[in-house]
Amino acid sequence: MKKIWLKSTNWLITRPKTNGVIIASLSFILVLVFCNMRYQILLENERKEMSSIIQIVEQNLEKELHSSTTTAITLALTINDNGKPHNFEEVSKQLLKNNPYIDAVELLPNGVIQYVYPFEENKNIIGYNILSTPEQKLEAEKTIRNKSMFFAGPMPLKQGGNGIVGRLPIFKDNAFWGFASIVIKQKTLEKAIGVHQFEKNKYHFQLSKINLKTNKEEYFFPINIASAKECMIKSEIPEGNWNLYLINPSINSLWKQFIPSIFLGLILSLCLGNIICRILKKPAELTSLTINQARRILQSEMKFKTLFDQAPIGIIQIDCKTFNFIEINKQFCDLLRYSEHELKKLELQKIIHPDDLEDDQYYFNQLKNNQIRKYSKQIRYINKYGEVIWTNLNVSALWKKGSEPTNFIGIVEDITIKKEVEKNLKSSYELVIEQNKRLLNFSYIVSHNLRSHTSNINSISTLLENENDESEREELISLLKKVSESLNETMYNLNEVINIQSNTHLNKEKLNLNLYITNTINVLSEQIHIKNVVINNSIEDTTLVHYNPAYLESILLNFISNAIKYSSPNRQPIIDISYNSSNYELKIADNGLGIDLVKHGDTIFGMYKTFHKNSDSRGLGLFITKNQIEAMGGSIQVESEIDKGTTFTISIKN
């Protein structure tokens with residue numbers, strides 16, 4: 001072996017030209033390898049930067065779509081029970097003021113644009129029927145089927161220009177009413193998602209969607225992506241079935257900056273070969289060259305490390321087997337208030353909120369089993385001081401598909417403030433629903449209660465005009481006085497209800513239940529007399545309930561008047577009224593026509609539901625009364641048989 005080695009060495013030493021060619025070739029190969037490594041690093045950095053940018057634009061777009069959905073829901077709430085919008089102009093003006101990235105709002109009863117704001121620049125679209133227009137009909141019908149907000153476009157707008165239209169289907173009593181629409185023009189959308197901010201820096205964006213009619217991909221911005229396959233990344237936006245593209249044309253020419261290096265490397269390699277050829281005994285120069293090359297590689301790694309640490313979002317690299325941190329950037333450490341040293345001593349599961357562990361493990365198992373290559377989700381972390389941090393987490397596998405799982409990388413964005421805003425918005429929405437419910441109750445009291453009083457006053461007035469007997473007239477005048485006193489009390493209670501509408505809590509008072517029943521009987525005295533009704537009131541004079549006066553009067557008037565109205569013509573009407581003070585239950589029972597609960601049990605308290613052929617019935621009484629009882633924290637139950645009678649049991653929360 002020693003002889004072979006010496007022979008080979010002598011052969012190389014005696015052939016300096018061969019040594020020069022070998023050294024020159026190896027040097028040039030090394031230059032090519034280094035340039036390729038550098039190119040791959042730059043390419044990876046560009047793609048990482050593009051991924052971060054497209055995530056920002058995607059989040060801006062999702063934020064704008066979420067804001068538009070909230071605006072459409074608020075617009076839908078303006079529609080009253082008659083299917084007419086209430087204060088459309090004023091509400092729309094405030095909505096556009098709160099969201100400058102919405103150009104117009106519309107209401108489309110049965111798919112026809114009848115209400116639009118602002119009106120002047122959009123008045124030419126009034127009367128436009130989207131359900132009869134082929135290019136609009138498919139997406140509109142899909143929105144109705146899904147019963148959720150859907151964004152149509154990109155498309156030409158009737159009022160000029162291009163844009164997108166978000167449509168929220170509105171249903172009243174489980175029947176399709178129409179749409180609440182949000183219009184966002186192209187320039188407004190570009191401004192909202194921050195496209196121009198990044199286009200100044202060398203990037204271009206494209207937004208596309210599959211046309212449901214032609215099944216072809218249509219593009220929103222005037223950018224051709226056909227020639228940009230190798231220099232773009234893509235993200236999907238599920239809210240509108242869009243594809244968002246980020247294009248960096250400079251990637252295609254990235255390799256050109258290495259031409260001088262390659263050319264220089266070739267020259268250096270030839271020179272090096274020539275030098276080695278002439279000065280075979282000077283290896284120090286080769287060693288120096290190797291050190292310089294190593295230094296350049298080290299500088300590239302340091303540059304990548306700097307970008308990693310200074311990224312504006314959290315970045316982590318995790319070991320799949322141990323769940324220990326491999327790499328952590330400064331932003332993630334600041335987010336959780338731990339130092340890098342402290343985090344590397346912890347397992348990932350230790351800082352994830354317990355309620356999110358199972359869901360996170362499910363997605364990770366899919367990733368680990370190569371069922372998916374990446375996933376995105378909202379997840380909560382617990383910081384060093386026990387505070388909950390809401391984040392958007394994007395996880396990607398770092399191993400080749402099909403190979404053994406090694407590490408994965410996570411991109412973590414803090415959305416704690418956004419979640420707080422969503423929580424406040426939900427509270428505001430619930431408050432609006434509650435206020436609308438109370439407004440409905442108030443309108444019922446005004447229309448229902450006052451109608452009973454005025455009807456009685458009119459009847460007594462008619463009797464007074466035709467009555468000549470002085471004693472009868474005095475009796476009628478006395479009865480009229482009682483009805484007017486009851487009307488006066490009703491007006492007082494209505495005034496109280498008006499004050500209640502501006503509060504979130506209904507005021508309660510200690511009320512004499514028997515006195516309110518007596519007043520109700522006096523109000524209904526004419527109907528009681530005509531039908532010869534017997535009312536058995538077993539409630540003691542001292543019985544007190546903690547209730548709202550207007551609601552108590554309305555509840556009693558509704559149930560007793562219904563018992564009279566739906567009494568049986570085949571027998572004398574009897575109404576039994578009782579109160580159980582141990583469980584706070586008020587019972588009103590009659591022997592009237594009864595209700596078929598097998599047929600109407602699920603809808604007995606529904607709006608506009610009537611169960612007898614009575615022209616005076618409007619189907620509002622039981623609906624409103626149930627809402628009043630529940631608003632006071634109580635509940636109602638009904639027992640009934642056809643032609644035997646009905647018993648209502650009202651739970652009064654004292």
Side-chain angles (χ1 to χ4, degrees), residues 61-80 83-172 175-189 192 207 209 211-213 218 220 237-242 429:
L61 180 56
E62 290 176 347
K63 179 181 178 181
E64 177 60 19
L65 297 183
H66 178 76
S67 178
S68 298
T69 300
T70 303
T71 300
I73 292 173
T74 305
L75 195 63
L77 292 175
T78 65
I79 300 171
N80 60 26
K84 301 293 183 181
H86 181 67
N87 291 335
F88 173 78
E89 290 284 333
E90 182 179 343
V91 173
S92 299
K93 180 179 180 181
Q94 188 61 39
L95 288 174
L96 264 63
K97 181 180 179 182
N98 292 339
N99 193 331
Y101 296 123
I102 294 178
D103 293 295
V105 295
E106 304 166 350
L107 284 176
L108 296 80
N110 296 317
V112 180
I113 301 176
Q114 294 186 11
Y115 304 91
V116 63
Y117 184 89
F119 180 79
E120 284 302 321
E121 54 261 43
N122 298 283
K123 61 184 179 182
N124 63 317
I125 64 173
I126 296 296
Y128 179 62
N129 189 343
I130 66 171
L131 294 178
S132 64
T133 308
E135 59 267 29
Q136 303 286 342
K137 184 177 180 181
L138 288 177
E139 290 182 333
E141 289 178 344
K142 180 179 179 181
T143 303
I144 297 172
R145 289 194 302 272
N146 294 340
K147 295 185 177 181
S148 62
M149 188 76 171
F150 187 81
F151 290 87
M155 63 183 178
L157 300 176
K158 282 289 183 180
Q159 53 268 61
N162 293 329
I164 63 173
V165 179
R167 298 190 182 103
L168 175 70
I170 303 173
F171 294 85
K172 289 289 184 180
F176 174 67
W177 178 89
F179 300 97
S181 291
I182 304 300
V183 179
I184 304 175
K185 294 183 178 179
Q186 177 176 331
K187 291 184 178 179
T188 305
L189 182 64
L207 189 65
K209 183 177 182 178
N211 188 305
L212 295 179
K213 186 176 181 181
E218 296 179 348
F220 196 76
I237 310 296
E239 287 84 351
N241 288 339
W242 290 315
Y429 174 76

Next on the checklist: Using side-chain contact (heavy atoms from CB on, under 4.5 Å), reason through F119 and I126 one step at a time and then give a plain yes or no.
Outcome noted: CA-CA 9 Å; F119 180 79; I126 296 296; 4.0 Å; yes
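Annotation for E90: atom CD does not count as buried by contact number, only 12 or fewer foreign heavy atoms lying within 6.0 Å. K172 NZ: more than 12 foreign heavy atoms inside a 6.0 Å radius.
Looking at K185 and N162, their side chains never come closer than 4.5 Å, going by heavy atoms from C-beta outward. Counting heavy atoms from C-beta on, the side chains of I164 and I182 never come closer than 4.5 Å. Using a 4.5 Å heavy-atom cutoff, the side chains of T133 and Y128 are in contact. The closest side-chain heavy-atom distance from L96 to V105 is below 4.5 Å. For the pair F179 and I113, the minimum side-chain heavy-atom distance is 4.5 Å or more. Side-chain contact between F88 and L107 is present, with at least one heavy-atom pair separated by less than 4.5 Å.
When the ring-ring contact (aromatic ring centres under 6.0 Å, His included) test is applied to F171, the partners found at least two apart in sequence or on another chain are F176. Remark: N122 engages A104, V116, P118, I125, Q159 in a side-chain contact (heavy atoms from CB on, under 4.5 Å) (not counting sequence neighbours).
Here the side chain of N129 pairs a donor or acceptor atom with the backbone of L131 at under 3.5 angstrom.
Taking all atoms of both residues into account, the shortest heavy-atom contact from L168 to S148 is CD1-C, 4.4 Å. The two residues I130 and A140 come nearest to each other via the heavy atoms CD1-CB, 3.9 Å. Nearest heavy-atom pair across G163 and L157 is N-CG, 3.8 Å.
Interatomic distance, CD of E141 versus NZ of K137, reported as 5.0 Å (0.5 Å rounding). The structure places CG of N87 at 10.0 Å from OG of S92, a figure rounded to the nearest 0.5 Å. With values rounded to the nearest 0.5 angstrom, E106 atom CD is found 13.5 Å from Y115 atom OH. Summarising the geometry, atom OH belonging to Y101 is positioned 11.5 Å from atom CD1 belonging to I184; distances are rounded to the nearest 0.5 Å.
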If you look only at distance, which donor and acceptor atoms sit under 3.5 Å apart when one is on a side chain in residues 67-80 and the other is two or more places apart or in another chain?
| residue | atom | partner | partner atom | Å |
| --- | --- | --- | --- | --- |
| S67 | OG | N99 | ND2 | 2.4 |
| S68 | OG | E64 | O | 2.9 |
| T69 | OG1 | L65 | O | 2.9 |
| T70 | OG1 | H66 | O | 3.0 |
| T71 | OG1 | S67 | O | 2.9 |
| T74 | OG1 | T70 | O | 2.9 |
| T78 | OG1 | L75 | O | 2.6 |
| N80 | OD1 | N82 | N | 2.9 |
| N80 | OD1 | G83 | N | 3.1 |
| N80 | OD1 | K84 | N | 2.9 |
| N80 | ND2 | K84 | O | 3.4 |

